[in-house]
Amino acid sequence: MLTDTACRIDAPHDVYDAQCPCRGVLDLLADKWSALVIGALSDGPQRFGELKTRLQGISPKVLTATLRRLEARALLVRTVYAEVPVRVEYSLTELGVDAEKPLRALRGWVEANIERFPAAG
C-alpha cells in the first residue's frame with residue numbers, strides 16, 4: 001500500500017514498494033541494453049554507429065529507444081555538432097558515470113561466474 005511518504009523526495013525510499021519511484025530507475029538500469037550502453041559509453045563519447053557495432057545483436061530501433069530512455073533519465077547526453085554531415089555523439093553524464101560503477105561490477109561478476117550457471121534450455 002502506498003504511504004504518504006512513499007513518493008516524497010525527502011522520505012526514505014523502498015524499492016520493494018510498488019509505488020516507489022525507484023522502481024522505474026531499477027527497471028531502466030537492470031535492462032540488458034541499458035547496462036551495456038552505459039558500459040560502452042564509459043570509454044568516452046561515441047556515435048550511434050560505434051555503439052551499434054560495439055553492442056553486437058542490438059537493432060537500430062532498440063538502440064534508439066534505449067538511448068532516448070537513458071537521456072530522459074539524465075544518464076547520458078546527446079550532443080549534436082553543426083557539421084556537414086551532422087555529427088551526433090552520446091556521452092555519460094555525472095549520474096551515468098556513477099551508475100556505471102555498480103553495473104561494471106555486475107558485468108564483471110557475470111563474466112567471471114558464467115560457467116556456474118546451467119546452460120539455457
Side-chain angles (χ1 to χ4, degrees):
M1 164 165 256
L2 177 64
T3 63
D4 289 343
T5 60
C7 290
R8 287 185 29 210
I9 290 294
D10 59 342
H13 294 289
D14 180 2
V15 74
Y16 294 100
D17 183 330
Q19 300 302 314
C20 183
C22 297
R23 287 271 182 107
V25 174
L26 181 61
D27 180 55
L28 175 63
L29 294 176
D31 174 73
K32 166 182 67 176
W33 294 120
S34 292
L36 293 174
V37 165
I38 290 170
L41 290 175
S42 70
D43 295 336
Q46 293 186 47
R47 296 174 74 173
F48 186 91
E50 294 170 317
L51 287 168
K52 183 161 178 344
T53 299
R54 176 88 186 270
L55 305 175
Q56 298 175 17
I58 194 169
S59 71
K61 180 180 178 179
V62 171
L63 179 55
T64 297
T66 301
L67 291 168
R68 286 179 180 162
R69 287 176 65 205
L70 293 170
E71 182 181 18
R73 295 310 295 253
L75 291 159
L76 66 80
V77 64
R78 178 180 184 266
T79 305
V80 180
Y81 295 91
E83 300 174 354
V84 177
V86 173
R87 178 170 53 107
V88 177
E89 287 185 344
Y90 299 90
S91 57
L92 294 177
T93 61
E94 185 178 334
L95 182 62
V97 170
D98 288 347
E100 195 278 329
K101 294 168 188 168
L103 292 172
R104 178 183 337 130
L106 178 60
R107 289 189 309 270
W109 183 89
V110 169
E111 290 174 344
N113 290 280
I114 192 64
E115 299 301 325
R116 296 173 61 192
F117 289 88

Shared ILVMFWY cluster between V77 and L63, side chains joined below 4.5 angstrom? no
Under a single-linkage definition using a 4.5 Å side-chain heavy-atom cutoff for Ile, Leu, Val, Met, Phe, Trp and Tyr, are V62 and Y90 assigned to the same hydrophobic cluster? yes
What is the distance from atom CG of L70 to atom CG of L92, rounded to the nearest 0.5 Å? 8.5 Å
Partners meeting salt bridge (charged side-chain N to carboxylate O under 4.0 Å, His left out) with R78 (sequence neighbours left out): none
CA sep, side-chain torsions, deciding dist, call: F48, V88, side chain to side chain contact (heavy atoms under 4.5 Å, CB included): CA-CA 7 Å; F48 186 91; V88 177; over 6 Å; no
Heavy-atom closest pair, residues H13 and C22: CB-SG, 3.4 Å
Residues forming a salt bridge (charged side-chain N to carboxylate O under 4.0 Å, His left out) with R104, sequence neighbours excluded: E100
Between P45 and E50, the two heavy atoms sitting closest are O-OE1, 4.5 Å
Please enumerate all residues that pass side chain to side chain contact (heavy atoms under 4.5 Å, CB included) together with P118, with sequence neighbours excluded. none
For R23, side chain to side chain contact (heavy atoms under 4.5 Å, CB included) partners two or more places apart: A18
State, yes or no, whether a side-chain contact exists between L29 and L75 at a heavy-atom distance under 4.5 Å. yes
Indicate yes or no: at least one non-hydrogen side-chain atom of L67 is less than 4.5 angstrom from one of L51. yes
Who pairs with E83 by salt bridge (charged side-chain N to carboxylate O under 4.0 Å, His left out), at least two apart in sequence or on another chain? R87
What's the separation between atom OG1 in T53 and atom CD in Q46, rounded to the nearest 0.5 Å? 9.5 Å
Write down the atom of L55, the atom of A40, and the distance for their closest heavy-atom approach. CD2-CB, 4.4 Å
dist T66:OG1 -> K32:NZ (nearest 0.5 Å) comes out at 10.0 Å
Taking only residues two or more places apart in sequence, or in another chain, which ones meet D27 in a salt bridge (charged side-chain N to carboxylate O under 4.0 Å, His left out)? R69
Assigning hydrophobic clusters by single linkage (Ile, Leu, Val, Met, Phe, Trp, Tyr; side-chain heavy-atom cutoff under 4.5 Å), is W33 placed with L26? no
Verify the cluster assignment for L106 and V37: are they in a single hydrophobic cluster under the rule of side-chain heavy atoms below 4.5 Å apart? no
Validation row: V25, V15 side chains within 4.5 angstrom (heavy atoms): no
Heavy-atom nearest pair, L95 first then R73, reads CD2-O, 3.7 Å
Can you get from Y81 to L76 by hopping between Ile, Leu, Val, Met, Phe, Trp and Tyr side chains that sit under 4.5 Å apart? no
Has the side chain of D31 got a donor or acceptor atom that lies under 3.5 Å from a matching backbone atom of S34? yes
